Chemist: 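Input: one structure, supplied below.
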2 protein chains.
Amino acid sequence: MNTTEKFQKYRQLGLKLTPQRLAILEFLEGNTSHPSADEIYQHVAQQFPSMSFATVYNTLDALRRKGQILELCIDPNKKRFDPNPIPHHHIFCTKCHKIVDVEHDYQIELSSEESKGFKVMGCNIVFWGLCPECQKEELNKENLNN
Amino acid sequence: MNTTEKFQKYRQLGLKLTPQRLAILEFLEGNTSHPSADEIYQHVAQQFPSMSFATVYNTLDALRRKGQILELCIDPNKKRFDPNPIPHHHIFCTKCHKIVDVEHDYQIELSSEESKGFKVMGCNIVFWGLCPECQKEELNKENLNN
DNA sequence: CTGGCTGCAAATCTTTTGCATCCTG
DNA sequence: CAGGATGCAAAAGATTTGCAGCCAG
(Lines give C-alpha, C1' and ligand atoms only; values in the text may rest on other atoms or scores of the structure.)
Protein backbone atom coordinates (compact mmCIF):
# COMPACT_ATOMS: atom_id res chain seq x y z
CA MET A 1 0.00 0.00 0.00
CA ASN A 2 1.50 3.32 -1.01
CA THR A 3 1.18 6.52 0.97
CA THR A 4 -1.75 7.87 -1.07
CA GLU A 5 -3.74 4.69 -0.51
CA LYS A 6 -2.98 4.83 3.19
CA PHE A 7 -4.27 8.38 3.41
CA GLN A 8 -7.49 7.28 1.74
CA LYS A 9 -7.88 4.24 3.95
CA TYR A 10 -7.39 6.06 7.25
CA ARG A 11 -9.43 9.04 6.15
CA GLN A 12 -12.31 6.66 5.44
CA LEU A 13 -11.87 5.30 8.95
CA GLY A 14 -12.26 8.83 10.27
CA LEU A 15 -8.59 9.22 11.32
CA LYS A 16 -6.38 12.12 10.40
CA LEU A 17 -3.10 10.85 9.04
CA THR A 18 -0.34 12.99 10.51
CA PRO A 19 3.37 12.41 9.78
CA GLN A 20 3.73 10.98 13.29
CA ARG A 21 0.91 8.52 12.73
CA LEU A 22 2.33 7.56 9.35
CA ALA A 23 5.64 6.75 11.02
CA ILE A 24 3.89 4.60 13.62
CA LEU A 25 1.92 2.80 10.91
CA GLU A 26 5.02 2.16 8.87
CA PHE A 27 6.84 0.77 11.87
CA LEU A 28 3.94 -1.56 12.61
CA GLU A 29 3.31 -2.66 9.03
CA GLY A 30 4.39 -6.28 8.68
CA ASN A 31 6.04 -6.12 12.11
CA THR A 32 5.67 -9.50 13.81
CA SER A 33 7.62 -8.63 16.96
CA HIS A 34 4.51 -7.52 18.88
CA PRO A 35 6.16 -4.32 20.11
CA SER A 36 5.26 -2.48 23.30
CA ALA A 37 4.24 1.18 23.35
CA ASP A 38 7.72 2.06 24.53
CA GLU A 39 9.40 0.17 21.69
CA ILE A 40 7.16 1.96 19.20
CA TYR A 41 7.99 5.28 20.86
CA GLN A 42 11.73 4.58 20.79
CA HIS A 43 11.58 3.82 17.10
CA VAL A 44 9.49 6.72 15.85
CA ALA A 45 11.28 9.16 18.16
CA GLN A 46 14.32 8.67 15.93
CA GLN A 47 12.45 10.39 13.11
CA PHE A 48 10.43 12.72 15.36
CA PRO A 49 12.57 13.71 18.31
CA SER A 50 9.68 15.73 19.68
CA MET A 51 7.37 12.69 19.68
CA SER A 52 5.56 12.16 22.95
CA PHE A 53 4.11 9.09 24.63
CA ALA A 54 0.71 10.73 24.54
CA THR A 55 0.79 10.62 20.76
CA VAL A 56 1.88 7.00 20.67
CA TYR A 57 -0.83 5.89 23.09
CA ASN A 58 -3.42 8.11 21.44
CA THR A 59 -2.62 6.69 18.01
CA LEU A 60 -2.55 3.08 19.19
CA ASP A 61 -5.88 3.53 20.89
CA ALA A 62 -7.43 5.13 17.81
CA LEU A 63 -6.16 2.27 15.63
CA ARG A 64 -7.46 -0.29 18.10
CA ARG A 65 -10.91 1.32 18.21
CA LYS A 66 -11.03 1.20 14.41
CA GLY A 67 -10.10 -2.48 14.46
CA GLN A 68 -6.76 -1.94 12.74
CA ILE A 69 -4.55 -3.39 15.47
CA LEU A 70 -4.88 -5.64 18.50
CA GLU A 71 -3.86 -4.81 22.04
CA LEU A 72 -2.46 -8.02 23.49
CA CYS A 73 -2.69 -9.06 27.12
CA ILE A 74 0.00 -11.73 27.11
CA ASP A 75 3.15 -10.17 28.53
CA PRO A 76 2.44 -9.58 32.23
CA ASN A 77 4.66 -6.50 32.31
CA LYS A 78 3.15 -4.38 29.57
CA LYS A 79 0.69 -4.25 26.74
CA ARG A 80 1.97 -5.49 23.39
CA PHE A 81 0.54 -4.49 20.04
CA ASP A 82 -0.21 -6.62 17.01
CA PRO A 83 -0.69 -4.98 13.61
CA ASN A 84 -2.54 -8.06 12.41
CA PRO A 85 -6.16 -7.64 13.52
CA ILE A 86 -7.30 -10.96 12.04
CA PRO A 87 -8.02 -13.34 14.94
CA HIS A 88 -5.08 -15.60 15.63
CA HIS A 89 -3.19 -17.07 18.54
CA HIS A 90 0.25 -16.72 20.09
CA ILE A 91 3.18 -18.50 21.70
CA PHE A 92 4.87 -16.65 24.55
CA CYS A 93 8.39 -17.26 25.82
CA THR A 94 8.19 -16.99 29.59
CA LYS A 95 11.91 -16.21 29.79
CA CYS A 96 12.61 -13.52 27.16
CA HIS A 97 9.00 -12.50 26.56
CA LYS A 98 9.14 -13.10 22.82
CA ILE A 99 5.68 -13.46 21.23
CA VAL A 100 5.20 -15.43 18.01
CA ASP A 101 2.03 -15.79 15.94
CA VAL A 102 0.09 -19.05 15.60
CA GLU A 103 -2.21 -19.02 12.59
CA HIS A 104 -3.89 -22.39 13.25
CA ASP A 105 -7.68 -21.97 13.29
CA TYR A 106 -8.83 -24.09 16.23
CA GLN A 107 -12.57 -24.60 16.33
CA ILE A 108 -13.10 -24.04 20.00
CA GLU A 109 -16.62 -23.85 21.26
CA LEU A 110 -18.15 -23.34 24.66
CA SER A 111 -21.36 -25.18 25.40
CA SER A 112 -24.16 -23.00 26.70
CA GLU A 113 -23.75 -24.31 30.24
CA GLU A 114 -20.02 -23.67 30.11
CA SER A 115 -20.42 -20.09 28.93
CA LYS A 116 -22.25 -19.20 32.18
CA GLY A 117 -24.59 -16.78 30.45
CA PHE A 118 -21.81 -14.81 28.75
CA LYS A 119 -22.26 -13.61 25.20
CA VAL A 120 -18.94 -14.93 23.89
CA MET A 121 -17.45 -12.79 21.11
CA GLY A 122 -14.16 -14.59 20.57
CA CYS A 123 -11.30 -16.44 22.14
CA ASN A 124 -7.55 -16.23 22.25
CA ILE A 125 -5.13 -19.00 22.96
CA VAL A 126 -1.75 -18.35 24.48
CA PHE A 127 0.72 -21.20 24.34
CA TRP A 128 3.66 -20.66 26.67
CA GLY A 129 7.07 -22.19 27.02
CA LEU A 130 10.65 -21.52 25.98
CA CYS A 131 11.74 -20.11 22.63
CA PRO A 132 14.64 -21.78 20.79
CA GLU A 133 17.21 -19.22 22.03
CA CYS A 134 16.17 -19.55 25.67
CA GLN A 135 16.23 -23.35 25.45
CA LYS A 136 19.88 -23.11 24.39
CA GLU A 137 20.67 -20.84 27.32
CA GLU A 138 19.06 -23.31 29.69
CA LEU A 139 21.26 -26.06 28.25
CA ASN A 140 24.38 -23.91 28.67
CA LYS A 141 23.49 -23.27 32.30
CA GLU A 142 23.12 -27.00 32.95
CA ASN A 143 26.47 -27.71 31.34
CA LEU A 144 28.17 -25.07 33.50
CA ASN A 145 26.73 -26.72 36.60
CA ASN A 146 28.19 -30.12 35.68
CA MET B 1 -8.48 -28.03 55.69
CA ASN B 2 -8.10 -26.81 59.26
CA THR B 3 -5.44 -24.42 60.47
CA THR B 4 -3.13 -27.15 61.75
CA GLU B 5 -3.19 -28.94 58.40
CA LYS B 6 -2.48 -25.67 56.63
CA PHE B 7 0.56 -25.05 58.81
CA GLN B 8 1.87 -28.49 57.94
CA LYS B 9 1.21 -28.04 54.25
CA TYR B 10 2.90 -24.66 53.93
CA ARG B 11 5.73 -25.64 56.17
CA GLN B 12 6.42 -28.58 53.88
CA LEU B 13 6.48 -26.14 51.00
CA GLY B 14 9.15 -24.15 52.82
CA LEU B 15 6.92 -21.19 53.65
CA LYS B 16 6.53 -19.62 57.07
CA LEU B 17 2.88 -19.25 57.90
CA THR B 18 2.39 -15.88 59.55
CA PRO B 19 -1.02 -14.55 60.62
CA GLN B 20 -0.98 -12.20 57.64
CA ARG B 21 -0.32 -15.04 55.23
CA LEU B 22 -3.03 -17.10 56.84
CA ALA B 23 -5.50 -14.26 56.28
CA ILE B 24 -4.49 -14.01 52.63
CA LEU B 25 -4.83 -17.77 52.19
CA GLU B 26 -8.24 -17.80 53.82
CA PHE B 27 -9.45 -14.99 51.61
CA LEU B 28 -8.24 -16.85 48.53
CA GLU B 29 -9.52 -20.28 49.54
CA GLY B 30 -12.45 -21.17 47.31
CA ASN B 31 -12.54 -17.60 45.99
CA THR B 32 -13.55 -17.67 42.31
CA SER B 33 -13.59 -13.89 41.78
CA HIS B 34 -9.96 -13.81 40.58
CA PRO B 35 -9.06 -10.87 42.83
CA SER B 36 -6.34 -8.33 42.13
CA ALA B 37 -3.52 -7.61 44.58
CA ASP B 38 -5.34 -4.47 45.64
CA GLU B 39 -8.57 -6.33 46.34
CA ILE B 40 -6.66 -8.85 48.44
CA TYR B 41 -4.94 -6.02 50.28
CA GLN B 42 -8.23 -4.19 50.93
CA HIS B 43 -9.72 -7.33 52.41
CA VAL B 44 -6.91 -8.46 54.69
CA ALA B 45 -6.20 -4.89 55.79
CA GLN B 46 -9.52 -5.05 57.62
CA GLN B 47 -8.04 -7.64 59.96
CA PHE B 48 -4.49 -6.27 59.82
CA PRO B 49 -4.62 -2.49 59.56
CA SER B 50 -0.82 -2.41 59.44
CA MET B 51 -0.74 -4.74 56.42
CA SER B 52 1.43 -3.46 53.58
CA PHE B 53 1.36 -4.05 49.85
CA ALA B 54 4.85 -5.45 50.11
CA THR B 55 3.51 -8.31 52.21
CA VAL B 56 0.64 -9.00 49.81
CA TYR B 57 2.89 -9.08 46.76
CA ASN B 58 5.58 -11.00 48.59
CA THR B 59 3.06 -13.65 49.72
CA LEU B 60 1.41 -13.93 46.32
CA ASP B 61 4.78 -14.35 44.67
CA ALA B 62 5.85 -17.00 47.17
CA LEU B 63 2.60 -18.91 46.63
CA ARG B 64 2.99 -18.65 42.87
CA ARG B 65 6.57 -19.94 42.99
CA LYS B 66 5.37 -22.93 45.02
CA GLY B 67 2.63 -23.61 42.45
CA GLN B 68 -0.20 -22.87 44.86
CA ILE B 69 -1.81 -20.05 42.88
CA LEU B 70 -1.82 -18.70 39.33
CA GLU B 71 -1.01 -15.18 38.27
CA LEU B 72 -3.40 -14.38 35.42
CA CYS B 73 -2.63 -12.12 32.48
CA ILE B 74 -6.19 -11.53 31.29
CA ASP B 75 -7.28 -8.16 32.64
CA PRO B 76 -5.22 -5.56 30.77
CA ASN B 77 -5.22 -3.22 33.77
CA LYS B 78 -3.76 -5.42 36.47
CA LYS B 79 -2.69 -8.88 37.44
CA ARG B 80 -5.42 -11.11 38.78
CA PHE B 81 -4.85 -14.13 41.00
CA ASP B 82 -6.43 -17.55 40.88
CA PRO B 83 -6.25 -19.84 43.92
CA ASN B 84 -6.92 -22.83 41.68
CA PRO B 85 -3.54 -23.87 40.25
CA ILE B 86 -4.96 -26.75 38.21
CA PRO B 87 -4.76 -25.76 34.50
CA HIS B 88 -8.07 -24.38 33.28
CA HIS B 89 -9.40 -21.60 31.10
CA HIS B 90 -11.38 -18.39 31.57
CA ILE B 91 -14.11 -16.15 30.21
CA PHE B 92 -13.47 -12.41 30.53
CA CYS B 93 -16.11 -9.69 30.43
CA THR B 94 -14.61 -6.84 28.42
CA LYS B 95 -16.97 -4.37 30.06
CA CYS B 96 -16.86 -5.05 33.82
CA HIS B 97 -13.69 -7.18 33.82
CA LYS B 98 -15.35 -10.13 35.54
CA ILE B 99 -13.39 -13.38 35.10
CA VAL B 100 -15.14 -16.76 35.27
CA ASP B 101 -13.56 -20.22 35.18
CA VAL B 102 -13.97 -22.68 32.30
CA GLU B 103 -13.15 -26.23 33.29
CA HIS B 104 -13.50 -27.82 29.83
CA ASP B 105 -10.34 -29.73 28.94
CA TYR B 106 -9.69 -28.85 25.30
CA GLN B 107 -7.08 -31.05 23.68
CA ILE B 108 -5.19 -28.37 21.84
CA GLU B 109 -1.98 -29.30 20.15
CA LEU B 110 0.55 -27.39 18.12
CA SER B 111 2.22 -29.23 15.28
CA SER B 112 6.00 -29.07 15.31
CA GLU B 113 6.06 -26.58 12.42
CA GLU B 114 3.51 -24.40 14.17
CA SER B 115 5.44 -24.30 17.41
CA LYS B 116 8.35 -22.55 15.67
CA GLY B 117 10.97 -24.34 17.74
CA PHE B 118 9.39 -23.42 21.09
CA LYS B 119 9.29 -25.96 23.88
CA VAL B 120 5.60 -25.57 24.68
CA MET B 121 4.77 -26.14 28.35
CA GLY B 122 1.07 -25.31 28.35
CA CYS B 123 -1.67 -23.17 26.97
CA ASN B 124 -4.40 -20.93 28.25
CA ILE B 125 -7.59 -19.99 26.50
CA VAL B 126 -9.35 -16.72 27.19
CA PHE B 127 -12.89 -16.43 25.88
CA TRP B 128 -14.09 -12.84 25.89
CA GLY B 129 -17.45 -11.19 25.59
CA LEU B 130 -20.16 -9.76 27.81
CA CYS B 131 -21.28 -11.20 31.12
CA PRO B 132 -25.02 -11.55 31.81
CA GLU B 133 -25.19 -8.32 33.83
CA CYS B 134 -23.40 -6.24 31.20
CA GLN B 135 -25.62 -7.68 28.45
CA LYS B 136 -28.63 -6.38 30.37
CA GLU B 137 -27.07 -2.94 30.67
CA GLU B 138 -26.44 -2.88 26.93
CA LEU B 139 -30.11 -3.68 26.34
CA ASN B 140 -31.20 -0.90 28.70
CA LYS B 141 -29.01 1.57 26.80
CA GLU B 142 -30.57 0.57 23.50
CA ASN B 143 -34.06 0.99 24.93
CA LEU B 144 -33.20 4.45 26.20
CA ASN B 145 -32.03 5.43 22.74
CA ASN B 146 -35.30 4.36 21.10
C1' DC C 1 -11.70 27.61 10.24
C1' DT C 2 -12.50 23.86 13.36
C1' DG C 3 -12.12 19.62 15.46
C1' DG C 4 -8.98 16.43 16.05
C1' DC C 5 -3.90 15.81 17.01
C1' DT C 6 0.57 16.93 19.24
C1' DG C 7 3.78 17.74 22.88
C1' DC C 8 4.79 18.54 27.46
C1' DA C 9 4.41 17.80 32.14
C1' DA C 10 2.12 16.21 35.86
C1' DA C 11 -0.74 12.71 37.72
C1' DT C 12 -2.30 8.06 38.40
C1' DC C 13 -2.03 3.34 39.12
C1' DT C 14 0.25 -0.96 39.75
C1' DT C 15 4.13 -3.23 41.23
C1' DT C 16 8.86 -3.40 43.13
C1' DT C 17 12.61 -2.41 46.27
C1' DG C 18 15.66 -1.13 50.34
C1' DC C 19 16.00 -1.45 54.83
C1' DA C 20 15.29 -1.64 59.74
C1' DT C 21 12.72 -4.45 62.72
C1' DC C 22 10.16 -8.45 63.99
C1' DC C 23 9.00 -13.21 64.83
C1' DT C 24 8.43 -18.10 63.20
C1' DG C 25 10.34 -22.41 63.42
C1' DC D 1 18.78 -17.21 67.36
C1' DA D 2 18.98 -17.15 62.27
C1' DG D 3 16.73 -16.49 58.28
C1' DG D 4 12.79 -15.38 56.36
C1' DA D 5 8.70 -12.08 56.81
C1' DT D 6 6.72 -7.53 57.81
C1' DG D 7 5.86 -2.61 57.35
C1' DC D 8 7.01 1.67 55.66
C1' DA D 9 8.27 4.76 52.37
C1' DA D 10 10.30 5.72 48.31
C1' DA D 11 11.13 4.32 43.58
C1' DA D 12 10.18 2.40 39.30
C1' DG D 13 7.35 1.50 35.19
C1' DA D 14 3.47 1.79 32.37
C1' DT D 15 -0.24 4.42 31.10
C1' DT D 16 -3.42 8.42 31.34
C1' DT D 17 -4.74 13.15 31.52
C1' DG D 18 -5.13 18.35 31.15
C1' DC D 19 -4.22 21.80 28.43
C1' DA D 20 -2.32 25.16 25.22
C1' DG D 21 -1.14 25.47 20.66
C1' DC D 22 -0.98 23.34 15.96
C1' DC D 23 -2.43 21.63 11.56
C1' DA D 24 -5.03 18.39 8.32
C1' DG D 25 -9.07 18.31 5.87
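It should be emphasised that the depicted structure is a prediction, and the values quoted were computed from it without experimental measurement. Letters go in sequence order (proteins before strands), and every chain restarts at 1. The figures here come from the full heavy-atom set of this structure, side chains too, leaving out hydrogens, waters and symmetry mates.
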Chemist: Please report how far the helix from C/dC1-D/dG25 to C/dG25-D/dC1 bends, comparing the axis fitted to its first five pairs with the axis fitted to its last five, to the nearest 10 degrees.
Modeler: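 About 40° separates the two local helix axes.
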Chemist: Measure from CZ on B/R21 to P on D/dG7 and round the result to the nearest Å.
Modeler: 11 Å
Chemist: OP1, OP2 of D/dC8 versus side-chain N and O of B/S52: anything below 4.0 Å?
Modeler: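 For D/dC8, OP1/OP2 do not have a side-chain N/O of B/S52 under 4.0 Å.
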Chemist: Let me know the distance between CZ of B/R11 and P of D/dG4, rounded to the nearest Å.
Modeler: 15 Å
Chemist: On DNA chain C, reading 5' to 3', which nucleotide is the first and which the last to sit with an atom under 4.0 Å from a heavy atom of chain B, could you check?
Modeler: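 Counting from the 5' end, contacts occupy C/dT14 to C/dG25.
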Chemist: Given D/dG3, D/dT6, D/dC8, which nucleotide is nearest the side-chain atoms of B/K16?
Modeler: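 Out of D/dG3, D/dT6, D/dC8, the nucleotide with an atom closest to B/K16's side chain is D/dG3.
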Chemist: What contact category does B/N77 fall into here, base, sugar-phosphate, or nothing, at under 4.0 angstrom with non-hydrogen atoms?
Modeler: sugar-phosphate
Chemist: Quick check for you: among D/dG7, D/dT15, D/dA5, whose closest atom lies nearest to any side-chain atom of B/L15?
Modeler: D/dA5
Chemist: Rounded to whole angstrom units, what separation is found between the NZ atom of B/K78 and the P atom of D/dT15?
Modeler: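 Rounding to the nearest Å, NZ of B/K78 and P of D/dT15 are 15 Å apart.
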Chemist: So what does A/N58 hit on the nucleic acid, given a heavy-atom distance under 4.0 Å: a base, only sugar-phosphate, or nothing?
Modeler: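 Result for A/N58 = base.
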Chemist: Using whole Å, report how far CG of B/D61 lies from C1' of D/dA5.
Modeler: 14 Å
Chemist: Between A/H34 and A/F81, does the ring centroid distance fall short of 6.0 Å?
Modeler: no
Chemist: What integer distance in Å separates A/K79:NZ from D/dG13:P?
Modeler: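 Roughly 19 Å, once rounded to whole Å.
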Chemist: If I take atom CZ from residue A/R21 and atom OG1 from residue A/T59, how far apart are they, to the nearest 0.5 angstrom?
Modeler: 4.0 Å
Chemist: Between B/F7 and B/F81, who's closer to the 5' end of DNA chain C by nearest nucleotide?
Modeler: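 Between the two, 5'-proximity favours B/F81.
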Chemist: Assess whether a salt bridge exists between B/E29 and B/K6, defined as any Lys/Arg side-chain N lying under 4.0 Å from an Asp/Glu carboxylate O.
Modeler: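 Between B/K6 and B/E29 there is a salt bridge, with a charged N closer than 4.0 Å to a carboxylate O.
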Chemist: Under 3.5 Å, is there a donor on one side chain and an acceptor on the other for A/H89 and A/N124?
Modeler: no
Chemist: Are A/K98 and A/E133 within salt-bridge range, i.e. N to O under 4.0 Å?
Modeler: yes
Chemist: Is the closest side-chain donor-acceptor distance between B/S33 and B/N31 under 3.5 Å?
Modeler: yes
Chemist: Just how far, in rounded Å, is C1' of D/dA14 from CG of A/L60?
Modeler: 13 Å
Chemist: Can you give me the closest heavy-atom contact between B/L63 and B/L15, atom names plus distance?
Modeler: CD2-CD1, 4.1 Å
Chemist: Expressed as a whole number of angstroms, how long is the span from A/Y41:OH to D/dA14:P?
Modeler: 13 Å
Chemist: Under 30°, 30 to 60°, or over 60°: which ring-plane class applies to B/Y106 and B/F127, parallel, tilted or perpendicular?
Modeler: tilted
Chemist: Whole-Å distance between D/dG7 P and B/F53 CZ?
Modeler: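 Going from B/F53 (CZ) to D/dG7 (P), I get 13 Å.
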Chemist: To the nearest 0.5 Å, tell me how far B/I125 CD1 sits from B/I74 CD1.
Modeler: 11.5 Å
